[in-house]
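Comments concern the structure below.
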Amino acid sequence: MTNREIAAVFEQVADLLEFQGANPFRVRSYRNGARKIADLSESLATIAAEPSRSLTEIEGVGKAQAEKIEQLLSTGRLPLLDELLEQVSPQVLALLRVPGLGPKKAALLHRELGVNSLEELRKACQSQQVRGLKGFGAKTEEGILKGLTIAEQADRRTRWVEADEVVQRLLEHMRALDCIAQLEMAGSYRRGCETIGDLDLLVEASDVATVMDQFGSLPGVADVIARGETKMSTRLESGLQIDLRVVPGESFGAALQYFTGSKDHNVVVRGRAKQRGLKVNEWGVYRVEDDGSESYVAGRAEGEVYRALDLPWIPPELREARQEFAWAEQGDLPVLVQLTDIRGDLHMHTTATDGKASLREMVDAAQQRGLEYVAITDHSQRVSMARGLDAKRLRAQWSEIDRLREEFDGLVVLKGIECDILEKGGMDLPDDVLAEADWVVASVHYGQKQSREQITERILGALENSYVSIIAHPTGRLINRREPYEVDMEQVFAAAARHGKMLELNANPARLDLHDIHCAAAKRHGIPIVISTDAHSTEGLEVMRHGVQQARRGGLTAADVANARSWKAFEKYLRRA
DNA sequence: GCCGTTTTCGGCCCGACTGTTTTCAGTCG
């Protein structure tokens, strides 16, 4: 079983236990275990197979979970899960997706009314059976009916780039107010996560009511879910929820820290505070005296909050309770790569295959963006739908690049190709053609359903080809649309390191492939990452910022990113490789 | 179920808001 599958089993166990009203800390420990497993770049099977190592070396995995992982690895089954599934039907778990329904209320509905599915819940609400239950009323019933629609279309998080469009609109709408002193987005949006559950807006303002009125009047707001003295929540017609918090200036930094999360990061922050006789909440950092009284220590700026805990400010992208606290304590926090560090773009298409802009237009647009070097990498012949290039057409394009080079002073244009790794293994163009290229991007487009062994073999084969420079979008996933193909990334990392190859971080916001944890793993292997736009139009060059953001989440510095090097430095590296 | 600079038991982050209830439980982030 793969890490992802085992993490999913632990998640399911947590859901089922929660539904049964089990010890909430036991539930949390399974969720925590699932997350740590999902964050792992090494496979559990590898760790378990090594006699000198133990699964309990994974933080958050103790003796009990280690045994369960071993059961899953050897038998593919978990008796605990089977047992739980006998007691609770998995369909009932869907009830937890209804906003406002937690384990307690869902269990009560199941127990008292025999509700087993979202459909049955709808019927129970419509026949007004729900309002009679203890702890329920007419308003709850109406709320559930509203929430049902959301639950039915749930299971989908918004891609960061889509959320960003809403954010830009929201910020502009709010900036129209004079009474706002500070305005920041927090939450997973600020952490640059690839998908966003909801949006969090933080405001410092004197006039709370005016801010809330303005917030509620954002075009596209379908519903005001809640409105209190400091907190308000709305839902857009698209289903996206936006939370607003209004705080005073002395709390702004503390609130920003608090609402940026992640949840797990904040748990560690709180724990540290406690060790130091402090308390951290969204209003500030407080010293707790022996008599129980509290005095304000910090909270105006986010950095103050961390300083009070003897930590440097931690970039939001790193706040996932992974390595950041260890780094921060040792003074080893990476200086994360920035968009302005990027000097080259090494994956783009033209009208020769499936691009929308000509070679000249792409090169021109790259120069206008201030890039020092680009590689033109159209598809190879196997990608027939895109009219992929055979040797003859490819050489013709390279001649065109030769002519173009004389015109474009100060911009280096590399003769490249995105060469398919064939289903049966091997490259889509002969070695003598690849040998003439400056830059060979190898990628899997076909046969994505093949077995783990097959796909891994294909990619390893490409890494062994001395003319291949890099593997593009190494896992093939499309966010919200297609799972990554089965590939043993450990072997890919080892082979890439051995053969001196690079790995691509595809910056297309639908791909963001490599994943952040794979970026971090590649860095540990000393593999240079190239962030590429894979642009199919001149506007497509714009997506570089998404790739940089993903790289930051992976903890990459400019030194870890090959195309953050000057052309001179990059060229030297190419020649050596 | 996990974990340990008050360690092998007894903690485990903390506050806002809602609806239902006369003082709080449940949910959410």
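Chain A is the first sequence line, chain B the second, and so forth, proteins listed ahead of strands; every chain is numbered from 1.
The nucleotide whose nearest atom lies closest to any side-chain atom of A:Arg28 is, among B:dC13, B:dG1, B:dG15, B:dC13. Closest to the A:Arg270 side chain, of the nucleotides B:dG29, B:dC13, B:dC2, is B:dC13. Side-chain proximity of A:Thr140 to the nucleotides B:dG15, B:dT20, B:dG29 is greatest for B:dT20. For A:Phe25, taking side-chain heavy atoms from C-beta onward, the closest of the listed nucleotides B:dT27, B:dG1, B:dG29 is B:dG1. Of the candidates B:dG29, B:dG19, B:dT27, B:dT27 carries the atom nearest the A:Pro103 side chain, counting heavy atoms from C-beta on. You'll find that the side chain of A:Asn281 is closest to B:dG15, out of B:dG29, B:dG19, B:dG15. Side chain of A:Gln65, nearest nucleotide from B:dT18, B:dG1, B:dC13: B:dG1.
Using a 4.0 Å cut-off between charged side-chain N and carboxylate O, A:Glu42 and A:Arg53 make a salt bridge. Contact check on A:Asp15 versus A:Arg31 returns a salt bridge, with a Lys/Arg side-chain nitrogen under 4.0 Å from an Asp/Glu carboxylate oxygen. Using a cut-off of 4.0 Å between Lys/Arg side-chain N and Asp/Glu carboxylate O, A:Glu329 and A:Arg272 are scored as salt-bridged. Salt-bridge check for A:Arg322 with A:Asp516: passed, with a basic side-chain N closer than 4.0 Å to an acidic carboxylate O.
At a threshold of 4.0 angstrom between heavy atoms, the contacts of A:Val61 are confined to the sugar-phosphate backbone, with no base atom among them. Counting any heavy atom pair closer than 4.0 Å across all strands shown, A:Lys279 reaches sugar-phosphate atoms only and no base atom. Counting any heavy atom pair closer than 4.0 Å across all strands shown, A:Pro24 reaches no nucleic acid atom. Note on A:Tyr258: a base of the nucleic acid sits closer than 4.0 angstrom, heavy atoms only. Within the nucleic acid shown, A:Thr230 comes within 4.0 Å of sugar-phosphate atoms alone, with no base atom in reach, counting heavy atoms only. Using a 4.0 Å heavy-atom distance criterion, A:Asn266 is classed as making no nucleic acid contact. Backbone-only engagement by A:Lys68 is indicated by non-hydrogen atom pairs under 4.0 Å involving sugar-phosphate atoms exclusively. Across all strands shown, A:Glu59 has heavy atoms under 4.0 Å from sugar-phosphate atoms exclusively, and none from any base. Nucleic acid contact for A:Ala255: none, since no nucleic acid atom lies under 4.0 Å from a heavy atom of the residue. As judged by a 4.0 angstrom heavy-atom cut-off over every strand, A:Lys263 is placed among the base-contacting residues.
For the P atoms, the distance linking B:dC14 with B:dC9 amounts to 25 Å, nearest Å.
Across all strands shown, B:dT8 has no partner, as no Watson-Crick or G-U wobble contact with both distances under 3.5 Å is found.
For the pair A:Asp198 CG and B:dT27 C1', the computed distance is 14 Å after rounding to whole Å. Note: CG (A:Asn32) to C1' (B:dC13) measures 14 Å, nearest angstrom.
Donor-acceptor pairing under 3.5 Å, judged by distance alone, is present between the side chain of A:Asn23 and the base of B:dG1.
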